[in-house]
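Labels below follow one simple rule: chain letters A, B, ... track the order of the sequence lines, proteins then strands, and each chain is numbered from 1.
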Amino acid sequence: MGIRFQDTMAGKVIDFEPLEPGLVRMYNCGPTVYTYAHIGNFRAFLLADLIRRLCEFRGLEVRQVMNITDVGHMTVDTDDAGEDKMEKAVRQEGKSAFDIARFYEAAFLADLDALGIQRAQVYPRASDHVAEMIELVAALLEKGIAYQAGDAILFDISKYPEYGRLSHKRLEDLQAGAGGRLTGEMLDQKRNPGDFRLWKVDPAHVLQWDSPWGRGYPGWHLECSVMARKYLGDTLDIHTGGEDNIFPHHESERAQIEPVTGKPFVRYWLHTRHLMAEGTKMSKSLGNFYTVHGLMEEGFDPIAIRYLLISTHYRAPANFTKEGLKGAWESVVRIRQFVRRMEEAAGGPGGASGSGAAPTSGTAAAPEAAAGGAPEGSIAPALSDFEQTFGEAVDDDLNMSKAFAAVFDFMREVNRLEPTGGEARRAAEAIRRADRILGLLAEEKAGEEDAAIDALVAERQAARKGRDFARSDQIRDELATRGIVLEDTPQGPRWYRK
RNA sequence: GGCGCCAUAGCCAAGUGGUAAGGCGACGGUCUGCAAAACCGUUAUUCACCGGUUCGAAUCCGGUUGGCGCCUCCA
């Protein structure tokens, strides 16, 4: 069948074919770096990651660009309406806009890594592309699509008949100012209520650049149009963002670039549904506003966040809870445990190529000759079932719930068969292949205290042999408090970090 | 005021006309010195509510309730 995505413009799931066979050009709306991104933001970035991983899983090369919005010009919602977010951050933190942007950009990249999100090739900063934005504005003015009004250059949406097609809005139906983000003066300047700013002359702004129209700052939508074109060309295959970006942001991106290139800007638009927390909208005042680093400080593993966020379909409203996060972690552990056990049963991780983590567990990997192994070929039916179901699920607009169900079904089947040797290796490799999309398995790093742990485990074995179970349980409990899980298997004790 | 989405077990969540996937949790069992892991079994006669269409509805239609998004610089 091949990959299918729900395209916002088409309003339905359609077959995905990149413009240039074998190469996917993808642009993702990235973070605004005036504060920490919250986990809802990362839902969108995880969608981008899943798309990237799926395309690569299917053998496509992906060129991926994600912007860093550091120009400001985002107003704060509700009470501070009208105040520029960067200005607010500057005022509150007493640092320069530049320092703040760089700080949160670094925090953002660290969060990406923590969540196992593969890095895009380029993270262009809006502030580095103001010259290109000015060029685009000049081109639009020249074509008569933009006009000057007071201290602003505005885009005239009446010159772009497609305006509204992406968001499926009829402009006549829109109520000017209903979003509460437009002031009366702004509306008065405009020929149409929907006209949006391309440049604002404001020499007092925290971030400002020279332009032919005066010192000021660029309109928000410009950066994506300009940077996408610069790094990926006139036509993108995929453009992603949160559902709130559909209108007006993405609608405007199309409007301002297509008349200049004369080509379709984006072939497939994908948007994530917003994430809720504890049953309602995330908000700082409700105390249900979560960040990756904040949850990590509470002791949660970021991969649990990844699991939780990707296991719900990206177009369905998802509800984040701490309880869900704990459950997500248990699921991750189950998958990791499976791979670890299979690789041990196989006599070590995937051969000389070293497909991944060497189990740190000390002691006795079972020799291949161990009794009770499933006969050669016995996992084959479960394996082909799994590859089939998993592949179909991810191809189908990233149906991750179904994909995970396939993973768990497969693991249960295989666990029942208790394979060893090559059979166990094939089972582990199947999950590792799936993990190229899931991104849940971790490289296990050998800890410095491994030798000490081995010594304690050996001491415990001795105690057990002498039927000193009090001492043996004491050692196990002690290890548990250090995050070490100890299991006694028929092949001897094994331990690992949880 | 306009446009749109969602509601499935204690929790998370698939399924969009053919008789309720999967995970977490809980309970019982096998295994174990005891555990852990793993496996087996139980945990929704029912899919927010009320009507309708149909041989058949969680799935389609109408209405109600609740939640969410956008309406022109919030993923």
Point to revise | Side-chain N,O (A:T32) to OP1/OP2 (B:C74) below 4.0 Å | key: no
**Study point:** Length of the CE-C1' vector between A:M411 and B:C39, whole Å
**Key:** 13 Å
Exercise for review: Hey, which sits more toward the 5' end of RNA chain B by its nearest nucleotide, A:E487 or A:T321?
Suggested key: A:T321
Review point. In whole Å, what separates the C1' atom of B:U65 from that of B:C55?
Key: 32 Å
Point to revise | Of all pairs that satisfy salt bridge (Lys or Arg N to Asp or Glu O under 4.0 Å), the ones with a partner from residues 268-279 of chain A, not counting sequence neighbours | key: A:E243-A:R273
**Study point:** A:F42 and A:F108 aromatic ring geometry - parallel, tilted or perpendicular at 30°/60° bounds
**Key:** parallel
Point to revise | Rounded interatomic separation in angstrom, taking CG from A:L166 and P from B:C70 | key: 15 Å
Could you write out each protein N or O paired with an N or O of nucleotides 5-7 of chain B at a distance under 3.5 Å?
residue, atom, partner, partner atom, Å
B:C5, O2', A:R273, NH1, 2.6
B:C5, O2, A:R273, NH2, 3.3

Check your understanding: Hey, is the side chain of A:N245 poking within less than 4.0 Å of OP1 or OP2 on B:C74, counting only N and O atoms?
Key -> no
Check your understanding: Given the C1' atoms of B:G23 and B:U8, what is the spacing between them in whole Å?
Key -> 15 Å
Point to revise | Paired nucleotide for B:A7 [Watson-Crick or G-U wobble; both distances under 3.5 Å] | key: B:U65
Review point. Is the cationic atom of A:R464 (NZ for Lys, CZ for Arg) positioned less than 6.0 Å from the six-membered ring centroid of A:F469 and within 45 degrees of its normal?
Key: no
Check your understanding: Roughly, in whole Å, what's the span from CG in A:N288 to P in B:G67?
Key -> 15 Å
Study note, to complete from the structure: note: A:R497, atom CZ; B:A36, atom C1'; distance rounded to Å ~ 18 Å
Study note, to complete from the structure: Of B:A75, B:A38, B:G69, the nucleotide closest to the side chain of A:A44 is B:A75
**Study point:** Distance test, side-chain N/O of A:N399 to OP1/OP2 of B:A14, below 4.0 Å
**Key:** no
Practice item. Indicate the ring-plane relationship of A:H221 and A:H249, choosing parallel, tilted or perpendicular according to the 30° and 60° boundaries. Key: tilted
Practice item. Just do the side chain to side chain donor-acceptor pair (under 3.5 Å) check on A:N319 and A:T321 with the steps written out, would you? Key: CA-CA 7 Å; A:N319 185 32; A:T321 64; 5.8 Å; no
Check your understanding: Quick one: what's the B/S/- string for nucleotides 19-33 of chain B, heavy-atom cutoff under 4.0 Å, read 5' to 3'?
Key -> --BSSSS-------B
Practice item. Identify which nucleotide among B:C39, B:U72, B:A13 has an atom closest to any side-chain atom of A:A318, counting heavy atoms from C-beta outward. Key: B:A13
Check your understanding: Got A:L115 and A:P302 here, is their nearest side-chain heavy-atom distance under 4.5 Å?
Key -> yes
Check your understanding: A:M276 side chain: which of B:A38, B:G67, B:A75 is closest?
Key -> B:G67
